[in-house]
Participant: 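Would you mind keeping the following structure in view while I ask a few things?
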Protein chains: 2
Amino acid sequence: MAIHYQDPLDHTFHALGDGTRRQMLTILAERGECTASELGQPFRAAQPTISKHIRVLERAGLVSRRVDGRLHRFRLNPDSMREAQDWIARQRRFWSATLDQLGEFLDNIPDRESG
Amino acid sequence: MAIHYQDPLDHTFHALGDGTRRQMLTILAERGECTASELGQPFRAAQPTISKHIRVLERAGLVSRRVDGRLHRFRLNPDSMREAQDWIARQRRFWSATLDQLGEFLDNIPDRESG
DNA sequence: CAACAATATAGCCAAATGGCTATACATTAT
DNA sequence: ATAATGTATAGCCATTTGGCTATATTGTTG
């Protein structure tokens, strides 16, 4: 029964649903390529725990791994994050269209598209 | 062990990590306010299952509920989704800045024509 | 009031998650 | 060759998740 063809977005959003992993992505975004140790250093989790988190990010396509001797170096993979962002952006476009139809919240529209 | 003060983004991204829930949000975005039944109708899940999914969306702040007699009417809550999108957007801004600074991408392009 | 309709809640289950310790593996250093 | 370092894997555990059935709750209707 269980063969549940997982949408890639399932993995992406799930990976983003944990604060430790989001912080790892932030570190990668700020510093560029990092090793597994560097990614884990801010947390007081055990090393295998960090390893697991990294695997989740990797499965989600959010980071890519490059093995360099005994170091595993990671960097952000922009595509995956962009797809997540695009999904939300599409929703929000629909949503604002719906709002226009209904005439609700007209004062509340926080920002415009474009960017 | 640790009381883990959940970041609101944890709930938001977790809620987005399930295809059924994402589809519910799409329905809401397309049709505007919907009842619980309308949200569940496309799926062959049991009614309590739908009810649970809706609660997850609600906990995440992605939808808001308005009880109207025996009908529960839901609509999208834009703020929550926008915060998720903003988080990603910030990451992506950092990321591209990092790329610019380090120029590391150039080193790693695996094969180029000619040299 | 009784019947029906829309939802929620309780309780159960299997699978996944996030954490840990202990250990294996691979690479570098002595 | 041995030791030390960086990382992964194997188990184990408690909690959460997503699904179900059965039942309760609340509102509508005859």
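Keep in mind that the numbers below use all heavy atoms, side chains included, and drop hydrogens, waters and symmetry copies. Residue numbering restarts at 1 for every chain, and letters A, B, ... go by the order of the sequence lines.
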Participant: Could you state the atom-to-atom distance from CG of D18(B) to P of dA16(C) in whole Å?
Facilitator: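 It is 14 Å, rounded to the nearest whole Å.
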
Participant: Respond yes when some side-chain nitrogen or oxygen of H14(B) is under 4.0 Å from OP1 or OP2 of dG18(D), and no when none is.
Facilitator: yes

Participant: Walk along nucleotides 21-30 of chain D from 5' to 3' and tag each nucleotide B, S or - by protein heavy-atom contact under 4.0 Å, base first, then sugar-phosphate.
Facilitator: BB----BS--

Participant: So which nucleotide from dG11(D), dG19(D), dT9(D) ends up closest to the side chain of R55(A)?
Facilitator: dT9(D)

Participant: Whole-Å distance between dT9(C) P and I54(B) CD1?
Facilitator: 12 Å

Participant: Can you check whether L25(A) reaches F74(A) side chain to side chain, under 4.5 Å on heavy atoms?
Facilitator: no

Participant: Among dG19(C), dT17(C), dG18(D), find the nucleotide with the atom closest to the side chain of R21(B).
Facilitator: dG18(D)

Participant: Quickly work out the M24(A) CE to dG18(C) P distance and round it to whole Å.
Facilitator: 11 Å

Participant: My understanding is that only residues two or more places apart in sequence, or in another chain, count here; which of them pass side chain to side chain donor-acceptor pair (under 3.5 Å) with H14(B)?
Facilitator: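 Per chain and number, H14(B) pairs via side chain to side chain donor-acceptor pair (under 3.5 Å) with no residue.
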
Participant: Classify R73(A) by what it touches in the nucleic acid, base, sugar-phosphate, or nothing, heavy-atom distance under 4.0 Å.
Facilitator: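 Answer is nothing: R73(A) stays at 4.0 Å or more from every strand.
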
Participant: Are I88(A) and L16(B) close enough that some pair of their side-chain heavy atoms sits under 4.5 Å apart?
Facilitator: yes

Participant: Would you please name every residue forming a side chain to side chain donor-acceptor pair (under 3.5 Å) with R44(B), sequence neighbours left out?
Facilitator: none

Participant: Indicate, with a heavy-atom threshold strictly under 4.0 Å, whether R59(B) touches base, sugar-phosphate, or nothing.
Facilitator: sugar-phosphate

Participant: For H72(A) and dG6(D), is the shortest distance between a side-chain N/O and OP1 or OP2 below 4.0 Å?
Facilitator: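 Indeed not, no polar side-chain atom of H72(A) lies that close.
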
Participant: Does any part of the side chain of T12(A), heavy atoms only, come nearer than 4.5 Å to the side chain of D7(A), both counted from C-beta?
Facilitator: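 A side-chain contact is absent here, since even the closest heavy-atom pair is not under 4.5 Å.
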
Participant: Do the ring planes of F13(A) and F13(B) sit parallel (below 30°), tilted (30 to 60°) or perpendicular (above 60°)?
Facilitator: parallel

Participant: Both E38(B) and K52(B) contact DNA chain C. Taking the nearest nucleotide for each, which residue is further toward the 5' end?
Facilitator: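 Counting from the 5' end, the first nearest nucleotide belongs to E38(B).
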
